[in-house]
Amino acid sequence: MADSEYLAKPPSACCFQGTIHQGTPRGAVEDILDIPTYISRPSADKANGHIVLYFPDVWGLSNNASLLMDGYADAGYLVLGIDYFRGDPISKYRATRNDPPPPGFDHPAWLAKHFAFATDNVEKWAAAVRTKFGTEKTKYAVVGYCFGAPFVCQLLATDHVSAGAFAHPSRLKEEHFVALRHPLLLSCAEKDGAFSTESRRKAVDVLQREKKVYNLQLFHGVEHGFASRGDLDNPYEKWCKEQSHRGIADWFNLWLVQT
């Protein structure tokens, strides 16, 4: 399918770059439907009874992803992140942003394999999470970074979630925005090779035309990956990353807790 048919292009070079963040994740990995799943639990005094489903970028259940999920748990949510790469993230082939892929590594084939698996299994996995962890009063939010954005939209087109968000998305077409049934927050980089200014404006036009509920965060000067792989030694990039995370958590609080 030609890139011109996408508003947010499929993962490309900008998606394979970034900085590894320091910190010790506190969650644990369990299998749900034989798919590795990172689970981060809120403290008893903060737990609000609701669940966030996390869809990672091409780095999978990386240290960065685990720390982000722990952050959503700090906001009161039980957080579950799916490893649709099943132990085969891009870090297996490129440990740092500057490492070239090994000779003969086929990026398109690697992406196609994991995207097909994710497309076939995300809704089944989400249903299993609801069965195992949910109650009649539980509400669900979905958040995705880059590779994970289409699955946020996929679930926002169902009646199983209350709100969603993505940051620096990839592989989105107009139909993803048209099909939304629940509120969406878009956390965007001004300089994004996958989701350009023109494409972002087209997406907003679609959301407005279709009368969808949405909110747009737009961060000046940062690039694709800022919200999950930004350089935390750069005070401005760190601020943008933290504001993105805080804004998403506040968005979820509005639709799951306050509404």
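Position 1 is the first residue of the sequence; numbering continues from there.
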Flag, side chain of S40 to backbone of Y38, donor-acceptor distance under 3.5 Å: no
Which pair of heavy atoms, one from S43 and one from D45, lies closest together, and at what distance? OG-OD1, 2.6 Å
Per the salt bridge (charged side-chain N to carboxylate O under 4.0 Å, His left out) rule, what does the pair list look like for residues 209-222, sequence neighbours excluded? E174-R209
Assign the ring pair Y145 / H168 to parallel, tilted or perpendicular, where the plane angle (0 to 90°) is split at 30° and 60°. tilted
Between F226 and F219, is the gap from one ring center to the other below 6.0 Å? yes
Can you find a pair of side-chain heavy atoms, one from Y54 and one from L80, that are under 4.5 Å apart? no
Sole residue of K202, R201, R200 in salt bridge (Lys or Arg N to Asp or Glu O under 4.0 Å) with E198: K202
Closest non-hydrogen atom pair, P10 against S170: C-CB, 4.2 Å
If you round to the nearest 0.5 Å, how far is CZ of R130 from OH of Y140? 6.5 Å
With a 4.5 Å limit on heavy-atom distance, are the side chains of H224 and R229 in contact? yes
Tell me if the aromatic rings of F151 and F166 count as close, with their centers under 6.0 Å from one another. no
Spatial distance of atom NE2 (H176) from atom CZ (R171) [nearest 0.5 Å]: 9.5 Å
Contact summary for L156 and H182, nearest pair of heavy atoms: O-CD2, 3.4 Å
Please report, to 0.1 Å, the donor-acceptor pairs under 3.5 Å made by any side chain of residues 26-34, with sequence neighbours excluded.
| unit_1 | atom_1 | unit_2 | atom_2 | d |
| --- | --- | --- | --- | --- |
| R26 | NH1 | D74 | OD1 | 3.3 |
| R26 | NH2 | D70 | O | 3.2 |
| R26 | NH2 | D74 | OD1 | 2.6 |

Which pair of non-hydrogen atoms, one from A227 and one from A167, has the smallest distance, and what is that distance? CB-CB, 3.7 Å
Sub-4.5 Å side-chain heavy-atom contact between C153 and L172: yes
Is any side-chain heavy atom of H50 less than 4.5 Å from a side-chain heavy atom of V257? yes
Gap separating the NZ atom of K92 from the CZ atom of F105, nearest 0.5 angstrom: 9.5 Å
Would you mind reporting whether W110 and I90 have side-chain heavy atoms less than 4.5 Å apart? yes
So, do I82 and L53 sit near enough that their side-chain heavy atoms are less than 4.5 Å apart? no
Looking at S244 and C240, would you say the former's side chain and the latter's main chain have a donor-acceptor pair under 3.5 Å? no
Applying ring-ring contact (aromatic ring centres under 6.0 Å, His included), which residue pairs with at least one partner in residues 237-259 are found, sequence neighbours left out? Y72-H245, W251-W255
Given side chains that start at C-beta, do those of T259 and L254 come closer than 4.5 Å, heavy atoms only? yes
I'd like to know if the side chain of Y93 reaches the main chain of H107, judged simply by a donor and an acceptor atom lying under 3.5 Å from each other, with no hydrogens or angles considered. no
For residues V143 and V52, determine if any side-chain heavy atom of one lies less than 4.5 Å from a side-chain heavy atom of the other. yes
Can you check ring-ring contact (aromatic ring centres under 6.0 Å, His included) on F117 and F85, steps first, answer last? CA-CA 8 Å; F117 176 86; F85 301 105; 9.6 Å; no
L155 and V161: which non-hydrogen atoms are nearest, and at how many Å? O-CG2, 3.3 Å
Over all heavy atoms of both residues, which pair between P183 and S162 is shortest? Give the atoms and the distance, please. CD-O, 3.3 Å
Hey, are S228 and W59 close enough side-chain-wise for a donor-acceptor pair under 3.5 Å? no
Validation row, ring centre Y84 to ring centre F147 under 6.0 Å: yes
To the closest 0.5 Å, what do you measure between CG (L68) and OG (S62)? 8.0 Å
Rounded to the nearest 0.5 Å, what separation is found between the CG atom of L61 and the CG atom of D83? 4.0 Å
Between OH on residue Y214 and CZ on residue F177, distance to nearest 0.5 Å: 11.5 Å
Pairing of E237 and K241 as salt bridge, 4.0 angstrom limit: no
Would you say Q217's side chain and C188's backbone share a donor-acceptor pair under 3.5 angstrom? no
